[in-house]
Amino acid sequence: MTTRFDALTADAAWQKVWDDRQTFAARDNSGKPQSYVLEMFPYPSGKIHMGHVRNYTMGDVLARFRRMRGYEVLHPMGWDAFGMPAENAAMEQGVHPGGWTRANIATMKAQLKRLGFALDWSRELATCEPDYYGHEQSLFLDLLAAGLVYRKESSVNWDPVDMTVLANEQVIDGRGWRSGALVEKRKLSQWFLRITDFADDLLDGLGALEHWPDKVRLMQENWIGKSQGLKFRFDLSDGETVEVFTTRPDTIFGASFVAVAADHPIAQALAATNADAAAFIDRCKRGGTTAAEIETQEKLGFDTRITAAHPFDATLRLPVYIANFVLIEYGTGAVFGVPAHDQRDFEFATKYALPIRRVVSDGDHTDPAFDGTEAYTGPGTLVNSHFLDGMDIEDAKRAVITRAEAGGWGHGSTVYRLRDWGVSRQRYWGTPIPIIHCAACGAVPVPKDQLPIILPEDVSFDIPGNPLDRHPTWKHVACPACGGDAVRETDTLDTFADSSWYFIRFASQPKDKPFDKAVAESWLPVGQYIGGVEHAILHLLYARFWTRALKHMGMLDIAEPFTGLFTQGMVTHETYKSADGRWLSPDEVNDGIETATGTPIVPGRVEKMSKSKKNTVDPTGIVDRYGADAVRWFMLSDSPPERDLPWSESGIEGAWRFIQRLWRLFDGDAAEPGQGGDPALDRKLHQTIHGIGEDIGSLAFNKAVAKVYELATAIERAAPSPSRDNAVRDLMLMVAPMAPHLAEEAWAASGQDGLIADAPWPAVDPTLLVEDEVTIAIQVNGKLRDTLVMPKGAARDTVEAAALASDKIVRLLDGKPPRKVIVVPDRLVNLVA
RNA sequence: GCGGACGUGGCGAAAUCGGUAGACGCAGCGGACUUAAAAUCCGCUUCCAUCGGAGUGCGGGUUCGAGUCCCGCCGUCCGCACCA
């Protein structure tokens with residue numbers, strides 16, 4: 001009768017058909033409504049992992065679904081191909097970063113193709129190729145011309161062994177993550193992008209991103225970190241001034257000291273003549289930066305012997321300290337301390353016996369002597385504050401700012417946590433920054449007709465440092481301005497620059513420019529972007545900035561790059577450790593025993609798949625064993641997509657069994673043609689079509705999968721009829737986005753024309769969505785006691801009478817009439833006894 | 001410390017508007033088919049129990065009615081972190 005679904009043969013056959021026919025190539029002017037579905041492009045690290053499979057399966061289901069709904073869908077794939085791992089591989093294995101990267105791309109591309117994703121491979125791009133990064137260089141020059149790029153001396157983490165700059169995340173306990181060398185702070189000239197120019201706009205724009213997770217919007221909001229307050233100057237006893245920033249100008253009469261950061265000019269100046277000050281500053285810099293260290297670190301200060309005049313009473317002199325808890329990067333790098341109303345200031349004042357003066361009443365206390373054990377930061381009324389007395393905090397803030405502005409010693413000010421984006425990296429495997437340094441002309445942009453500046457291939461990684469910098473010839477060029485001897489910039493761009501505009505290049509990729517404005521705008525913004533939450537801040541913020549910068553320059557009129565964002569959960573797997581603490585792979589364990597040694601194991605938590613915990617599962621072997629559709633099905637089943645998905649052998653086998661079950665249903669023999677309708681099945685079918693459409697549209701794939709199971713069961717149990725044949729055919733269409741190979745095979749086998757990938761989504765008959773009979777719950781005092789089947793829309797009286805007539809209810813009410821009756825039409829009757 | 005999310009059977013989960021808690025899947029148990037096994041199909045499967053009762057982390061509250069709303073706790077996970 002029926003055969004088994006031979007996934008391996010079917011997968012290859014249909015993938016070839018899609019390829020040959022260019023089924024998923026997006027046409028720029030098809031006349032259909034356009035839809036852009038994008039998953040975050042992968043870094044070509046070697047092989048794809050289950051996280052990729054899950055991510056791309058979700059995007060694929062949506063892309064295929066939208067095609068069936070009549071959209072021209074752009075669903076591209078590419079490679080975030082620059083980055084450190086390629087250089088590490090070069091150092092460790094003696095391979096060239098380019099060769100390593102391109103080989104990985106080939107491997108991973110084959111793996112993605114094996115899963116049958118509906119991708120437009122004609123638009124594939126890799127950021128490490130000159131036909132991508134050359135255009136990025138051009139955009140960098142545009143940003144430079146628009147005043148959005150500048151060069152500044154900046155302090156960086158320098159690894160003296162590897163001779164390179166490290167990102168903050170690469171510094172672990174003050175040491176380089178590779179070399180283990182103590183990291184030094186070095187001043188280097190670096191290129192910066194003016195992301196802070198757009199801080200307010202990036203913040204305001206979040207409000208309109210209603211299809212983003214709240215969590216991500218909040219993370220970006222906190223990252224931008226807007227604070228409003230007052231910047232003002234203190235006159236100092238040495239004739240200088242110091243500017244401070246505060247969000248609590250209302251507490252100014254509670255000030256008892258001024259504190260500056262160790263790197264503040266005042267501190268640096270003092271250190272030049274005062275050895276104790278210099279020693280203190282050194283000590284501050286040695287302080288750890290881990291969470292625990294900051295938590296327990298004592299507030300330390302160094303009294304400069306300088307005093308500051310209180311702006312409202314020059315006879316009041318505040319001591320000026322250098323303090324370890326003041327950050328040079330934030331605000332002005334200097335603060336005034338109000339111990340009674342700021343916890344850090346409180347700790348500092350307690351240690352150095354400085355006055356602690358109450359200026360905000362907590363409702364119970366108003367006297368200046370503050371006797372709490374911690375600072376009071378709650379709401380209240382101003383006290384002991386001259387002209388502010390009696391005001392609430394907000395009024396007092398405004399009053400102080402008004403006086404400061406009138407007196408010319410301060411002004412209302414907004415401060416951001418967000419810093420400008422430093423994009424210089426002292427690395428080889430990145431986009432060369434298109435600048436030439438000339439002794440006479442300074443930093444000169446490379447003329448656009450000389451782009452791309454191509455990375456030299458003949459480089460070595462046998463000694464530390466930047467191979468571009470020590471290349472014998474590459475950097476030596478003539479100055480484009482004066483023709484004299486000059487050198488190229490040897491830094492490359494942060495790889496986050498590459499991913500800040502790749503989605504635009506996917507939409508439009510002319511040879512002679514980064515993108516065509518009209519074509520790009522026809523596809524953008526990305527309607528649905530899917531990726532890991534680890535990119536919630538940096539990548540997504542940089543891409544939003546880049547889009548705004550392009551708009552600012554008139555190059556692309558798009559407000560936001562991604563209007564819909566979905567952050568999917570991770571794929572997890574159980575972990576095990578041997579009795580002596582080695583991580584064990586789950587297949588080294590059998591029934592609580594380590595197979596190799598026969599000793600009991602220690603089960604760990606279910607955690608994200610990672611090589612170090614030995615709990616990864618390689619997709620390749622799984623796909624070869626179960627076929628692409630079973631893997632895709634498992635990725636969509638059970639767990640909601642935003643939550644973690646626990647990998648299990650029984651889970652993938654269950655998916656495989658269901659694929660076979662669908663095949664038996666699709667391939668069933670039609671010996672008994674059947675006659676007449678099956679209204680119940682018709683109704684179930686249309687409710688399912690409607691429900692699955694809603695579920696896929698809202699990315700609730702686990703719910704869509706459950707509905708497929710239900711409908712499959714209903715069809716299996718239905719007698720042969722045209723309704724049943726119709727339901728089988730529509731079920732093929734509904735599983736086509738999720739299990740496309742099976743669906744194509746079944747579609748062809750059942751004699752349908754064309755590809756199911758090109759077929760339209762089945763239409764819903766709205767009249768079939770409503771049941772004609774409903775089950776009504778009968779409650780007594782809110783507790784379910786009986787149920788009742790009634791025609792839909794039955795009158796209240798009828799329902800009430802039927803409920804009261806129920807044997808069970810009669811018994812429970814014991815002859816007494818209910819005190820109150822609540823009837824919810826078509827749902828329930830609640831009798832209050 | 002600040003901010004956020006989450007907490008439902010043995011497990012993954014569903015319940016979209018405050019209206020029958022546990023759909024669907026996994027695992028398990030029983031049965032059919034088979035010489036046998038696998039596969040497949042059918043049934044059972046929140047807990048305690050005889051009627052019946054209890055039950056969505058814990059304690060309160062609002063309501064005819066709470067997994068869902070409010071208040072207070074506890075726990076887990078995530079992000080940021082001396083941000084003035």
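Just the heavy atoms: all of them, side chains too, but no hydrogens, waters or symmetry mates, feed the values below. The structure displayed is predicted, hence computed values, not measured ones. Every chain is numbered from 1 and lettered A, B, ... according to where its sequence line falls, protein lines coming before strand lines.
- Val326(A) comes within contact range of at least one nucleobase, with a heavy-atom separation under 4.0 Å.
- Of the candidate nucleotides U16(B), G12(B), C64(B), G12(B) has the atom lying nearest to any side-chain atom of Asp638(A).
- Here Tyr330(A) reaches the OP1 or OP2 of A84(B): one of its side-chain N or O atoms lies under 4.0 Å away.
- Regarding the sugar-base torsion, C17(B) falls in the syn class, its angle being within 90° of 0.
- Nucleotide G52(B): paired with C48(B) (Watson-Crick or G-U wobble, both distances less than 3.5 Å).
- If you check C26(B), A14(B), U16(B) against the side chain of Asn702(A), the one that comes closest is A14(B).
- Between Arg643(A) and G12(B), a side-chain N or O to OP1/OP2 separation shorter than 4.0 Å is absent.
- The Thr246(A) side chain lies nearest to A84(B) when the options are A84(B), G79(B), U16(B).
- Within 4.0 Å (heavy atoms only), Leu218(A) reaches sugar-phosphate atoms of the nucleic acid but no base atom.
- Rounded to the nearest Å, the gap between the P atom of U56(B) and that of U68(B) is 9 Å.
- Judged by distance alone, the side chain of Tyr416(A) and the main-chain N or O of Thr196(A) form no donor-acceptor pair under 3.5 Å.
- Aromatic ring centres of Trp647(A) and Phe634(A) lie closer together than 6.0 Å.
- Between the CD1 atom of Ile659(A) and the P atom of G25(B) there is a distance of 14 Å, rounded to whole Å.
- For Lys613(A) and Glu607(A), the salt-bridge test passes: some basic side-chain N is under 4.0 Å from an acidic carboxylate O.
- For C26(B) and C78(B), the P atoms lie 30 Å apart once the distance is rounded to whole Å.
- The side chain of Pro640(A) has A14(B) as its nearest neighbour among A14(B), C24(B), U16(B).
- Mapped onto RNA chain B by nearest heavy atom, Leu828(A) and Trp656(A) fall at different nucleotides, with Leu828(A) at the one closer to the 5' end.
- Separation of the C1' atoms belonging to A21(B) and C47(B) is 14 Å when rounded to the nearest angstrom.
- Residue contacts shown for Ser698(A) are absent, as no nucleic acid heavy atom lies under 4.0 Å away.
- As judged by a 4.0 angstrom heavy-atom cut-off over every strand, Asp345(A) is placed among residues making no nucleic acid contact.
- Salt bridge Lys707(A)/Asp695(A): present, at least one basic N to carboxylate O contact under 4.0 Å.
- On the C1' atoms, C17(B) is 15 Å away from G67(B), given to the nearest whole Å.
- For Arg657(A), no side-chain nitrogen or oxygen approaches OP1 or OP2 of C41(B) to under 4.0 Å.
- The pair Glu710(A)-Lys684(A) meets the salt-bridge criterion, with a side-chain N (NZ, NE, NH1 or NH2) lying under 4.0 Å from an Asp/Glu carboxylate O.
- Here Gln779(A) lies in heavy-atom contact (under 4.0 Å) with a base.
- Look at the C1' atom in both G7(B) and G55(B): the space between them is 16 Å, to the nearest Å.
- At a threshold of 4.0 angstrom between heavy atoms, the contacts of Asp342(A) with the nucleic acid are absent.
- Residue Asp695(A) contributes atom CG, which lies 12 Å from atom C1' of C24(B) at whole-angstrom precision.
- For G12(B), the O4'-C1' to base torsion is more than 90° from 0; the nucleotide is therefore anti.
- When distances are taken from the side chain of Leu327(A) to each of G25(B), A84(B), G19(B), the shortest belongs to A84(B).
- Among the atoms of the strands shown, base atoms are found under 4.0 Å from some heavy atom of Arg417(A).
- Between Ile537(A) and Thr713(A), it is Thr713(A) whose nearest contact on RNA chain B lies nearer the 5' terminus.
- Candidate nucleotides G12(B), U20(B), A84(B) were compared by shortest atom distance to the side chain of Ser639(A), and G12(B) ranks first.
- A ring pair (Phe, Tyr, Trp, His ring centres under 6.0 Å) with Tyr321(A) holds for exactly one of Phe336(A), Tyr352(A), Phe302(A); it is Tyr352(A).
- Judged by Watson-Crick or G-U wobble contacts below 3.5 Å, the nucleotide C6(B) has G75(B) as its partner.
- The phosphate of G79(B) (OP1 or OP2) has no side-chain N or O of Asn222(A) nearer than 4.0 angstrom.
- Closest contact between the side chain of Lys299(A) and the listed nucleotides G79(B), A14(B), C82(B) involves C82(B).
- Of the charged side-chain nitrogens involved, at least one lies within less than 4.0 Å of a carboxylate oxygen, so that Glu394(A) and Lys397(A) count as a salt-bridged pair.
- In this structure, Lys703(A) reaches the A15(B) phosphate: one of its side-chain N or O atoms is under 4.0 Å from OP1 or OP2.
- Among the nucleotides G65(B), A21(B), C26(B), the one closest to any side-chain atom of Asn830(A) is G65(B).
- Using a 4.0 Å heavy-atom distance criterion, Thr247(A) is classed as a sugar-phosphate-only contact.
- In a base pair of the Watson-Crick type (N1 to N3 plus N6-O4 or O6-N4) or a G-U wobble (N1-O2 and O6-N3), with each distance short of 3.5 Å, C29(B) is matched with G43(B).
- At U20(B), none of the side-chain N or O atoms of Arg785(A) fall inside 4.0 Å of OP1 or OP2 (strictly under the cut-off).
- Annotation: G19(B) and G59(B) have their P atoms spaced 24 Å apart (nearest Å).
- Nearest nucleotide to the Arg664(A) side chain, out of C41(B), A84(B), C24(B): C41(B).
- Among the heavy atoms of the strands lying under 4.0 Å from Val824(A) is at least one base atom, whether or not backbone atoms are also near.
- In this structure, Arg717(A) reaches the sugar-phosphate backbone alone: every heavy-atom distance under 4.0 Å involves primed, P, OP1 or OP2 atoms, never a base.
- For the pair Arg625(A) and Glu649(A), the salt-bridge criterion is met [side-chain N within less than 4.0 Å of a carboxylate O].
- Residue Ser648(A) places no side-chain N or O under 4.0 Å from the OP1 or OP2 atom of C11(B).
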